[in-house]
> 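Have a look at this one before I ask anything.
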Amino acid sequence: PVLAWSFGDDSWGTPRAVDAMMSAYPALERRHLEPGEAGMPSIGHFGAFRPNAGEIWRRTIAWLDEQA
């Protein structure tokens with residue numbers, strides 16, 4: 001299983017780009033998140049790796065737990 005995120009303010013990894021990049025994976029779950037939904041003013045392309053990105057990681061870890 002693969003979880004692929006896109007973020008509303010990411011100008012590189014747009015939903016269309018992520019869909020195209022991930023189209024080869026049959027066990028794919030796609031999720032899209034707006035910065036406000038994650039409690040962040042912005043996410044951008046690398047924002048999921050910032051210290052204030054806890055909500056993204058909580059959701060990702062919950063998904064990983066579901067897969068286990």
Side-chain angles (χ1 to χ4, degrees):
V2 174
L3 173 61
W5 285 102
S6 59
F7 304 111
D9 63 341
D10 184 349
S11 59
W12 290 356
T14 63
R16 184 176 175 197
V18 173
D19 288 342
M21 184 173 53
M22 295 288 119
S23 65
Y25 295 95
L28 175 69
E29 182 168 337
R30 278 282 287 112
R31 294 190 183 177
H32 181 81
L33 194 62
E34 295 295 328
E37 295 174 293
M40 299 171 69
S42 67
I43 300 173
H45 193 68
F46 297 108
F49 301 101
R50 293 188 190 124
N52 65 337
E55 181 59 27
I56 297 168
W57 286 101
R58 278 188 283 284
R59 293 179 187 208
T60 301
I61 291 167
W63 180 86
L64 287 168
D65 285 341
E66 291 170 10
Q67 306 309 307

> Tell me whether Trp5 contacts the main-chain N or O of Ile56 through its side chain, where contact means a donor paired with an acceptor under 3.5 Å.
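Not confirmed, Trp5 side chain does not pair with Ile56 backbone.
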
> Could you list the residues that satisfy side-chain hydrogen bond (donor to acceptor under 3.5 Å, both in side chains) with Trp63, not counting sequence neighbours?
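Residues passing side-chain hydrogen bond (donor to acceptor under 3.5 Å, both in side chains) with Trp63: Glu29.
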
> Measure across Pro26 and Ala24 and return the closest heavy-atom pair with its distance rounded to 0.1 Å.
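Answer, listing the atom of Pro26 first, then Ala24: CD-O, 3.3 Å.
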
> Would you kindly confirm whether Trp57 and Leu64 end up in one hydrophobic cluster when ILVMFWY residues are joined by side chain heavy atoms under 4.5 Å apart?
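Each belongs to a different hydrophobic cluster.
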
> Quick one: side chains of residues 34-45, donor-acceptor pairs under 3.5 Å with protein atoms, not counting sequence neighbours, listed by atom name and distance.
from, atom 1, to, atom 2, distance (Å)
Glu34, OE2, His32, NE2, 2.9
Glu37, OE1, Glu34, N, 2.7
His45, ND1, Asp10, OD1, 3.1
His45, ND1, Asp10, OD2, 2.9

> Only distances under 3.5 Å count here; give the side-chain donor-acceptor pairs of residues 11-20 to other protein atoms, sequence neighbours excluded, each with its distance to 0.1 Å.
from, atom 1, to, atom 2, distance (Å)
Thr14, OG1, Ala17, N, 3.1
Asp19, OD1, Arg30, NE, 2.6
Asp19, OD1, Arg30, NH2, 3.4

> If a pair satisfies salt bridge (charged side-chain N to carboxylate O under 4.0 Å, His left out) and one of its residues is in residues 46-56, list it, with sequence neighbours excluded.
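Checked against salt bridge (charged side-chain N to carboxylate O under 4.0 Å, His left out) - neighbours excluded - the pairs reaching residues 46-56 are Glu55-Arg58, Glu55-Arg59.
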
